[in-house]
Amino acid sequence: MVNNPYLDFLASFGIGGAHPGGMPLTIELLQTITIKPEHRLLDVGCGTGQTSAFIKKTYGSNVTALDIHPGMIEKARARFYHEQLDIALVQGNAEQLPFNDNSFDILLIESVTVFTTIKKSINEYARVLKPGGILLNLEMTANDWFSAAELAEIQRVYGIQEVPSEEQWINYLQDAGLTVTEVLNRESVRQKSIDSISEFDFGKLMDFSLYTKWMEHINLMEKMGTRLGFRIYKCIK
């Protein structure tokens with residue numbers, strides 16, 4: 001069971017596109033690679049299943065959707081059932097993926113790895129990816145140096161262990177045996193995050209603790225500005 005109030009907030013309100021750029025950026029990102037019907041694709045941290053559903057309907061690939069949060073699994077299951085989509089749905093941890101080695105042609109991860117023990121998760125991505133397979137990893141990235149107090153605030157609000165720089169992310173990926181072929185998009189999280197949460201309904205906001213978490217997120221985005229950014233790391237195994 002996941003224990004992260006920020007992720008509880010996203011799950012409680014069924015926010016399926018909280019990553020920077022939301023679904024429009026996901027669609028743009030998917031267009032940078034070739035996706036075929038015969039490809040096996042793993043959506044790590046699928047959330048409500050929005051991205052998995054789009055991929056299945058658009059490309060017809062063999063899609064597996066994985067998330068650790070039971071609330072997200074419930075919402076993804078309802079989405080796939082309602083849209084009559086044949087998508088394998090698995091509750092599991094990115095740090096210990098329940099799949100065999102060399103199982104997938106494509107891995108898509110959108111603002112998930114930073115919420116885990118990063119090195120463990122990336123090693124798992126490399127393990128389940130087929131030789132020649134493609135990894136797309138969109139992650140929060142430090143654009144600047146943070147003081148100890150600032151880093152502690154980021155860690156507290158999001159329940160994360162660290163905020164790697166672009167260089168640190170690349171090192172993690174390379175250490176796992178992945179080749180970073182391209183690093184895309186250098187805008188700030190603040191520029192892309194608020195508009196991306198298109199499914200949010202403030203009328204549902206009854207739990208004060210979740211409201212507090214939402215406001216902490218908003219205030220942090222305003223405070224950090226362009227210093228807290230994101231990147232899309234494209235890799236091949």
Side-chain angles (χ1 to χ4, degrees), residues 7 10 16-35 39-47 50-52 54-55 61 63-68 72 90 92-97 99 101-143 154 158 160-189 192-193 196 228-237:
L7 299 183
L10 298 180
H19 60 275
M23 199 61 198
L25 182 58
T26 297
I27 294 171
E28 181 181 341
L29 175 58
L30 292 171
Q31 291 172 347
T32 68
I33 63 173
T34 299
I35 305 177
H39 281 158
R40 294 195 65 201
L41 185 146
L42 175 62
D43 182 5
V44 179
C46 66
Q50 184 181 38
T51 296
S52 292
F54 174 83
I55 293 169
S61 302
V63 179
T64 298
L66 176 140
D67 205 281
I68 194 172
M72 289 299 196
V90 178
N93 192 334
E95 297 175 13
Q96 194 173 2
L97 293 173
F99 308 110
D101 297 357
N102 306 320
S103 292
F104 297 96
D105 300 285
I106 301 168
L107 263 66
L108 176 66
I109 307 102
E110 299 176 293
S111 194
V112 172
T113 314
V114 76
F115 292 97
T116 70
T117 303
I118 293 174
K119 187 172 183 177
K120 286 184 179 180
S121 295
I122 292 178
N123 284 338
E124 281 293 275
Y125 303 160
R127 180 183 67 79
V128 303
L129 192 63
K130 294 179 181 179
I134 295 172
L135 175 82
L136 299 174
N137 190 33
L138 187 160
E139 293 295 343
M140 184 187 300
T141 301
N143 286 334
I154 296 170
Y158 295 120
I160 60 180
Q161 300 174 18
E162 59 178 313
V163 186
S165 65
E166 179 179 319
E167 181 181 4
Q168 289 170 322
W169 275 115
I170 291 173
N171 287 338
Y172 275 130
L173 293 160
Q174 291 178 337
D175 287 347
L178 299 167
T179 299
V180 180
T181 59
E182 195 171 7
V183 180
L184 303 171
N185 212 314
R186 299 167 185 267
E187 297 182 65
S188 72
V189 170
K192 288 288 188 178
S193 63
S196 74
L228 190 60
F230 72 94
R231 304 285 192 279
I232 300 161
Y233 301 91
K234 294 181 65 176
C235 306
I236 188 168
K237 180 178 175 181

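One is the number of the first residue; the rest follow in order along the sequence.
- Between L29 and L108, some side-chain heavy-atom pair lies under the 4.5 Å cut-off.
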Point to revise | Candidate pair L25 and F230, rule side chain to side chain contact (heavy atoms under 4.5 Å, CB included), full reasoning | key: CA-CA 12 Å; L25 182 58; F230 72 94; 3.8 Å; yes
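- Formation of a donor-acceptor pair under 3.5 Å by the E124 side chain with backbone atoms of A94 is not found in this model.
- Remark: D105 does not engage R40 in a salt bridge, criterion side-chain N to carboxylate O under 4.0 Å.
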Exercise for review: Carefully, step by step, assess N171 and Q174 under the rule side chain to side chain contact (heavy atoms under 4.5 Å, CB included).
Suggested key: CA-CA 5 Å; N171 287 338; Q174 291 178 337; 4.1 Å; yes
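- Interatomic distance, F115 CZ to Y158 OH, rounded to the nearest 0.5 Å: 7.5 Å.
- Without hydrogens or angle criteria, N137 side chain to Y233 main chain gives no donor-acceptor distance under 3.5 Å.
- When every heavy atom of S61 is checked against every heavy atom of I35, the shortest pair comes out as OG-CG2, 3.1 Å.
- Considering every non-hydrogen atom in both V163 and Q168, the closest pair reads O-OE1, 4.2 Å.
- By the 4.5 Å heavy-atom criterion applied to side chains, I27 and M23 are counted as neighbours.
- Here the straight-line distance linking atom CD1 of I134 with atom OG1 of T34 works out to 7.0 Å at 0.5 Å rounding.
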Check your understanding: Given the rule in the side chain to side chain contact (heavy atoms under 4.5 Å, CB included) test, do W169 and T113 qualify, once you have shown the distances and angles that lead to the verdict?
Key -> CA-CA 10 Å; W169 275 115; T113 314; 3.9 Å; yes
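- Inter-residue side-chain proximity for V183 and K234 is flagged as unmet; no heavy-atom pair is nearer than 4.5 Å.
- In this structure a side-chain-to-backbone donor-acceptor pair under 3.5 Å is missing from K237 to K130.
- Interatomic distance, CG of L41 versus CD1 of I33, reported as 7.0 Å (0.5 Å rounding).
- Put simply, the side chain of E110 does not reach to within 4.5 Å of the side chain of L136, judged on heavy atoms.
- Nearest heavy-atom pair across I122 and A176 is CG2-CB, 3.6 Å.
- V112 approaches V44 most closely through the heavy-atom pair CG2-O, 3.4 Å.
- The main-chain N or O of F99 is found under 3.5 Å from a side-chain atom of R127 such that the two form a donor-acceptor pair.
- Between Y172 and K119 the shortest side-chain heavy-atom distance falls below 4.5 Å.
- Note that CD of E95 is 4.5 Å distant from OG of S121, once rounded to the nearest 0.5 Å.
- To the nearest 0.5 Å, atom OG1 of residue T26 and atom CG of residue L138 are 7.5 Å apart.
- A distance of 4.0 Å separates CD1 in I68 from CG in N93, rounded to the nearest 0.5 Å.
- The shortest side-chain heavy-atom distance between F54 and L30 falls under the 4.5 Å cut-off.
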Review point. Under the side chain to side chain donor-acceptor pair (under 3.5 Å) criterion, do T117 and Q161 qualify, and how do the steps go?
Key: CA-CA 7 Å; T117 303; Q161 300 174 18; 3.3 Å; yes
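- Panel note: side chain D67, backbone M72; no donor-acceptor pair is recorded below 3.5 Å.
- The shortest distance between side-chain heavy atoms of L66 and D43 does not fall below 4.5 Å.
- Using a 4.5 Å heavy-atom cutoff, the side chains of L129 and N102 are not in contact.
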